[in-house]
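Below, chains carry the letters A, B, ... as their sequence lines are ordered, and counting in each starts from 1.
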Amino acid sequence: MKKVIVIQYIVAFILVLLFLLPVIYIILSSFKPLNELFSSVPTFIPRQFTFDNYVKAINRGDFLRYIFNSFIVATTSTLIAVMINTMAGYALSKFKFKGKNVIMILILSTIMLPLSVIMVPIFSVLKFFGLYNSLWALIIPPAATPTGIFLMRQYLLTIPDEVIQSARIDGAGEFRIFWSIILPNAKPAIATLAIFSFMWRWNDYVWPLIAISSPQKYTIQLAIANFTGQFGTDYSSILAMSAISMIPMLVVFVIFQKQFVQGTAQTGMKG
Amino acid sequence: MKTQEFIKKGGFKMKKVLVLMIALALVFTLAACKKEDKTLQMLWWSDGTEGDVMQTLLDEYKEETGVTIELNPIAYNDYEAKLATMISGGEAPALARVTEGHQTNFEESILSLEGVFDEAGFTNLAFNSDGDVMSLPMDITANGMFVNTDLLDANDVDYPALGDTVWTWDQFETEMMKLDGQSGVAAPGIFDHQAHRFMALMYQNGVTIWDTPYSSSNLKSAAAVEVIDMLIGFYEDGFLPRDTYVTKNSASLFRTGQYGFHLSGNWNVSNYQDLDFNWAVVPMPQNSNRATILGGKSLSAFDGSGMEKEAKAFIAWMAEGEQHDQYTGGVPYLTPRLGATVDYGVFDDQYAVFLDEIGNTDAKYVADWKLETSIPGMYPIINQFVEDAASGEYTAIALLTQLEIDLKAAAE
């Protein structure tokens, strides 16, 4: 038995190392001078440790603003997404009404539509509502996602109907039930959704590229991409800013780690 | 409990939610009706300091006229997608920095600039199918050879200089190969991966792609085969490394100080200002004659921005000598403004070489290259051709035969 556990730990350790290696490589490379970064014999640990890449990158833009914009977008969008997706998941898992399954299939089928296909129609909608070039353009369209609705529905199906019915018998209204019973019971799934949602919004590049034009509203990913010109790419600055942009993601994961693991196990969601 | 009963029970609260939703919808609709912002948007990308120089000019323009123009920097790789979506979505930018390719692809959305500025004062103009000028040329780019003089001097490697008899490619390769295997040297040199750089070799061997535009080519001539054989040989000999196609970023490789030369273009004069080793621009080698390939960026105004008049007014202001020279001299760039005396400051010697290359390029090569850049799709075909040549997997004649087929198909 002990032998099996040891093997499990070794396999887990190897897998963790495998997944972490690219991340570690990015972080270490961000401290390498350019000649070492492009050396024909690549190094893993910097031979010469330098902060120059960070200094250069930070001086080339208003990165505090970009990080602040990304933070506002990711947190607001996550809060709204959690509310909307949980409500939709609740309706689709616990209410009985005509066309419920058809609605669910329709929602899921939107996963098959690539962003490039619906980019111009969504852009037109944003323009109609006057949201183009505002941070709301990054917050509202992705507030309800098919993946989020599916995740919440699957989780809420595991809550026994009897609990909800008892609450109704005790006189609780639908919103009371949602607020006092569904939300507390759905914590692991909500944590999972929150982490995914934050990660999607934080790392999103294509949609901000389309929906934002003013540099004052750029997110960190847009700003990082601007290190690419027609004739070359400033990889050292990209590495430095990419390393910085990982920090908020790590903080969110550390905070919700326990619920995240529980939620992914119970909903069958994987990253 | 049945659904209807649930709704009945929570009916009052449902109404509240409905009211809230309607209120939100009203807020957004009202936001849509808000007064339009009068700021002009200018789409831009930068390879060096050109964005900073343009921002200074935009600040001056605002001071003079009160009109705000916002510079929107976009990553070059996504520039065309962004521009296309903005135009399709009815939110075209008032102004945008454009290449020859962009002008070909977005011709229908680009405003005619007839009468906006004095066309006779500029070279490298682009015209739409009605013969109207469609952009203000902002700079000229030309191919050129950069050398790491510190590395070459340390290894006793000679290199050409302006005023010398122009070197041949054979002579240049022989000399640079002295770097091969030396300590601190990754490879003798590098070429940019773009077709612009490689096709100069064709012209330097006296070959134009087209004999009759788009119908009869010179691609299977002995001279064309000879030059592609030479290119394949460059990679086989180790004169050029194949790494270029991994990073597609030769400038970063040259910056490491481990390469003797870099065949690139004049934009790197500003880009290399911060290098910690000495470098110089030297005349490119030749086979039968000298030739460089010209390109350039321009400024276009777009239809559908709602700011067409203001955009044209800015272009007219920008075309004035003082502003235009401030831009080309500030970056610095080669100027397309005829008769301009741009002060290239500490880079005068470097720019003298580029001007010499341009002065020694026959007009037939300039015209031939325009035939490729004015047809959408031809440039990527040539890029692929060069990459295939570098791979060493094909013979010169097989590559050229395929190139001829592909270019003719693109022209159709």
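The CE atom of Met86(B) sits 3.0 Å away from atom OH of Tyr132(A), with the distance rounded to the nearest 0.5 Å. Interatomic distance, OG of Ser213(A) versus CD of Glu70(B), reported as 6.0 Å (0.5 Å rounding). Interatomic distance, Thr256(B) OG1 to Leu34(A) CG, rounded to the nearest 0.5 Å: 7.0 Å. Remark: Asn226(A) CG to Ser46(B) OG distance equals 8.5 Å, nearest 0.5 Å. One distance of note links CD1 of Ile74(B) with OG1 of Thr228(A); it measures 12.0 Å at 0.5 Å rounding.
When all heavy atoms of Lys82(B) and Leu209(A) are compared, the pair lying nearest together is NZ-O, 2.6 Å. Of all heavy-atom pairs spanning Tyr205(A) and Ala75(B), the tightest one is OH-CB, 3.8 Å. Nearest heavy-atom pair across Thr85(B) and Met119(A) is OG1-SD, 4.0 Å.
Heavy atoms from other residues, nucleotides or ligands lying under 6.0 Å from NZ of Lys100(A) number more than 12. Summarising the local packing, CD1 of Ile45(A) is surrounded by 12 or fewer heavy atoms from other residues, nucleotides or ligands at distances under 6.0 Å. The number of heavy atoms from other shown groups lying within 6.0 Å of CZ (Phe49(A)) is above 12.
The main-chain N or O of Glu91(B) is never found under 3.5 Å from a side-chain atom of Lys127(A) such that the two would form a donor-acceptor pair. The closest donor-acceptor contact from the side chain of Tyr218(A) to the backbone of Pro73(B) lies under 3.5 Å.
Comparing Asp78(B), Asn77(B), Asp52(B), Leu71(B) by heavy-atom pairs within less than 4.5 Å of chain A, the highest count is held by Asp78(B). The choice from Ser236(A), Pro121(A), Pro215(A), Ala225(A) that makes the most heavy-atom pairs within less than 4.5 Å of chain B is Pro215(A). Heavy-atom pairs under 4.5 Å with chain B were tallied for Leu126(A), Ile122(A), Thr233(A), Ile164(A); the largest tally goes to Thr233(A).
Contact of Ser264(B) with chain A is not made at all, since no heavy-atom distance falls under 4.5 Å. Heavy atoms of Ile212(A) lying under 4.5 Å from chain B belong exclusively to its backbone. Contacts of Ser88(B) with chain A are made by both backbone and side-chain atoms, with heavy-atom separations under 4.5 Å. Using a 4.5 Å cut-off between heavy atoms, Arg197(B) contacts chain A through its side chain alone, with no backbone atom that close. Neither the backbone nor the side chain of Leu43(B) has a heavy atom closer than 4.5 Å to any heavy atom of chain A. With a 4.5 angstrom heavy-atom cutoff, Gln216(A) touches chain B only via side-chain atoms.
Every ring-ring contact (aromatic ring centres under 6.0 Å, His included) that Phe354(B) has, sequence neighbours left out, goes to Tyr351(B).
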